[in-house]
Every structure is written in structure tokens, then in C-alpha cells.
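Here's the structure we're looking at; comments come further down.
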Amino acid sequence: MADLLPEHPEFLWRNPDPKKSYDAVIVGGGGHGLATAYFLAKNHGMTNIAILEKGWLAGGNMARNTTIIRSNYLWDESAAIYEHALKLWEILPEELEYDFLFSQRGVMNLAHTLGDVRESMRRVGANKLNGVDAEWLDPQQVKELCPILNINDNIRYPVMGATYQPRAGIAKHDHVAWAFARKCDELGVDIIQNCEVTGFVKDGNRVTGVKTNRGTINTEKVGLCAAGHSSVLAEMAGFRLPIQSHPLQALVSELHEPVHPTVVMSNHVHVYVSQAHKGELVMGAGVDSYNGYGQRGSFHVIEHQMAAAVELFPIFARAHVLRTWGGIVDTTLDASPIVGTTPVENMFVNCGWGTGGFKGTPAAGLTFAHTIATGTPHELNKPFALERFETGALIDEHGAAAVAH
Amino acid sequence: MLLISCPNCGSRDETEFHYGGQAHVAYPENPNELNDREWAEFLFYRDNTKGAFAERWLHSTGCRQWFNMLRDTVTYDIQAVYPMGAARPDKSAPAPESGTASTAPDSTTTGTAAPSIAATSTATSTAPASATAPEGATK
């Protein structure tokens, strides 16, 4: 049988009205905003802070991702921040006193061409040098770990092997948000829902307040954690971001008995699949090509990922799609996030996590909180500054990082 | 699935097209004079408009010609399709494109291109620098 989910307390956080002023305001009540507020309060003693969420808590990408957590990125900078995130994921259930069902069932990234094989082996080597657990599996080992995968050569792109990260896995994204929210609330953070930011108050080039549909709130510092809407907020504040917002779709099947023991990602035929704790198959693939804020995409993108899934997992052919949805992801041209200062004084930005923000949640929160509290970047997010687009020190994870964009 | 009206081929499924991002981004007039900030703007910074957005599309499995489209990025409604080199139809002030490689062959690429529009795209190459440089150089 599928896992039973834990019971939750009836109330996990208050719903306070906004105060006149705060020491810091976080815009965006998703995973990253919540994690940032948590670490601001816990690590930096900043408890007179608020999270402003225009909708309901964790109702954006935090509720729409496919919950995959891994750290097998190619470049040193990425491996460092994502591996730190993974180490935090491993201790957070205890620290937050909330079991969000982090299941380290491993993630497999399939190789389907000779190019894939070479790139994968290179990444396994790079991962090992960076202390990230990684191994190369031949097709037989792939089959042993995930018996429902088709490793025959009767398909267009047969499986030629895979990289495997045993410590990777999935977690219940809603529970993660609630875990952070409850701790934030306990630490005194105001979580203010239905509070949309409509502008900023500035004194010269320094931000001093946030205009919202619930009045103006004065604040010393502002941290933007708005994912797909980061550009909209930046425009209000008077600066630009190298971000393009795209729809990213995912889907689930109806519930099934456990058949899929790990997480399988394929860049080449392009789908990623896991089976959630309750039993539904969860799938995602690439973004819709056009810019979009509509939280929906085109159906042919779903069709494409289904075709890929059925080719790799013939057993899925008779499963039914129960639900599809879309989120708005904030992509950068080097497929790496932006965490740091902005051209506006006392305003900080955490964005550009694109299609892979969920896994980075704890590290985004930790490093962004450090940046907001001290005004300078944490060692881990220093390379992810906005300035890299000027200096040329890009962290080009497109295709390099087992990223299924 | 968007249903896109190619100016040459008529209404076709989105799967026949390739997305080209923001329209009206001209190659810098004086590339040698750009500083790092300006190159960053040209290479990595594009508008990310929530609302009416002018963008380029290529009918890659049809006539293989580029064209511009005005589309709402929230509702995904297509508001206008217009030729390369033409000004954005919802803006009163024309935004001449200069130096873009894609503007020149317009007269042969679009069935709807009016002669005056074709004239605009070629005229810019001989227009005084002051008329086009400030915007073109930094976009």
C-alpha cells in the first residue's frame, strides 16, 4: 500500500494584519520566501519581519513542482549550493519538527546517446570531486534499480546507462511549506496572505517601504522571492532582471500501487517521473517555448512528455492523466539562479531558479537570509550575483547539470 | 496550443512555429563603443512583460519566414501579426529597427507588408545616426 500521510494540527500559523513597519519584508510566500524568513529569524535574530504573499501561502510554484531534490550539478558553484541544500534537506525534518516525507529514493538521469554517456560520466566524475554522491550505472544496473524501465533496444533512443545519485529523492512540497510556515510563525514572523505588492517607496535609490493593497508598509530591507513575477517587481522598483518567465507544466496520473521505486529523468527523450507517496505518477518535462504568465501552457507539451514516458515505461500506457497544471518559472540564460544585491539599495533579489527551484529551497533561504541580514553574499551565493551577466562569469548549467529544461 | 496566423500561410498550429523572443531588439549600432553593461543588456536582458508583448516567431515547418506578433502573456490572446521591420502596431510612435539582419529581406517574406513598411526598414540604414542610435545602441 501507499504511505499514509501524517495528520496536521488544525492551525499552523496566525493570519496577522500587517504592522506599520518591519525590519525586513520578504515579497513572496512560497518555499523560498518562507525559508528566507525562517533563516533570517533563526540565524540572524531578525524576528520583526513579514512575508507578503499576494495569494495564499505556497500556492504558486511551491504547489506546482514535481518535488524532485538532487544535487548532481556539473559546475563547482552549483554543486556547492545544491549539495548544501541537500544536506539541509536531510536535517530539516528534525529541525523543523515536521515530517515532510523526504524520501531519499535516488534520482537516475538516463543517457540515450554516446554524447549523453560521455557527458554523464564526466558529470559523475565532477560530482565525486565535489563530494556529491554519484555513480554510473550500465543498462542492467538501471533495470535492477527500476524494473519497470524499458532497457531494450526496440525504442528510438534505447537506454545506454544512467547516472545515479542515491541521496536524492522527493518530498511533500506542501508539507515543506507548512513546516517552514509554522516555525516562522513561532519565531514571530508575520505571514501576511492576500497582500499584493503594488509598488515600492524609495528615498533616492534606497528602498524604504512597500506599497500593497493593504496599505504602505515601512521597512529597512526588502527581499524579493517572487519567482516568475520577479521581473514585474523589479520593474516597479526601477531595475531590470535578465529573466524570462515561461509556463512549465506537470501532470499526475490517478493513484496506483507502488511500481516506481526511484526518480527517473531523461533529458533526451525528455520526461521526469516519480511516484508520489500517495501513489500517483508525477511527470514533468520542459517549459513552453513562449513567455507566459498564465500558469498554463500548450497541450502538445504534455503530449510530448507522455509519449516519452510511455516509451520508457511501457507499463504506463494504460494509466490515465488525472490532472495537468502549469507554473511560471523564471529562467536565466545560463540556467543558474540569481541571489544577491540589486541596483537598488537595501533591496535584494532571489530569483532565476527556473525549472529547479524546489530542490534549492533551503540553500536559497540560508544564503539569501545571510545576504539580507549582512548586506553581503554568503560564500555559497557569491558566484550567483546579478553582476555575472556583466563580468561574463556565467555558471552555464544548460544541459550540463542533468537539467531537464 | 496556440493557433497562429502566419502572414504567408494562414492559421496553423503552434507546433509548426519556433519562438524567437522579444521583437525590436536591434544589434548595437556601434559595437566597438559598448561597455560591459551595455553588452550585458544586449546579450542577456530582454523585456519580460506581463501583458501585451511584441515577439518574433518563425514559421519553421511552413514558409520558414520570420514575423512579429503582439500577444498578451497572461491571456495568451494574439492581438496582431505584423511583418519584420514594421513598428509595433499598438504604439503610436514608430520604433524603427536599425542594424538588425532580419529586417532587410522583409519585402519578400510577408504577403501583407505594405510598401511603406518595406521602405521604413530599408530607409533606416541610411537615416542619420541620431535618429536610431540611442535606442538601438543600448537595447
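Lettering follows sequence order; numbering is per chain, from 1.
- When each of A:T391, A:V301, A:I243, A:D334 is checked for heavy-atom pairs under 4.5 Å with chain B, A:I243 comes out on top.
- Within the 4.5 angstrom heavy-atom criterion, only backbone atoms of A:Q295 (N, CA, C, O) approach chain B.
- Remark: B:K50 does not engage A:E235 in a salt bridge, criterion side-chain N to carboxylate O under 4.0 Å.
- Only the side chain of A:L333 comes within contact range of chain B, with at least one heavy atom under 4.5 Å from a heavy atom of that chain.
- The six-membered or imidazole ring of B:Y19 lies near that of B:W57, with a centre-to-centre distance under 6.0 Å.
- Electrostatic pairing of A:R156 and A:E311 does not count as a salt bridge here, judged by no charged N lying under 4.0 Å from a carboxylate O.
- For the atom pair A:L224 CG and A:N350 CG, the distance stands at 9.0 Å (nearest 0.5 Å).
- Put simply, of A:P247, A:P242, A:G392, the one with the most heavy-atom pairs under 4.5 Å next to chain B is A:P242.
- Atoms CE and NE2, from A:M306 and A:H300 in turn, are 15.5 Å apart once rounded to the nearest 0.5 Å.
- With a 4.5 angstrom heavy-atom cutoff, B:F44 touches chain A via backbone and side-chain atoms both.
- We find the CG-OG1 distance between A:N381 and A:T341 to be 9.5 Å, quoted to the nearest 0.5 Å.
- Proximity to chain B is limited to the backbone of A:L241, based on heavy atoms less than 4.5 angstrom apart.
- Of the listed residues (B:D13, B:D72, B:T49), the greatest number of heavy-atom pairs within a distance under 4.5 Å of chain A belongs to B:T49.
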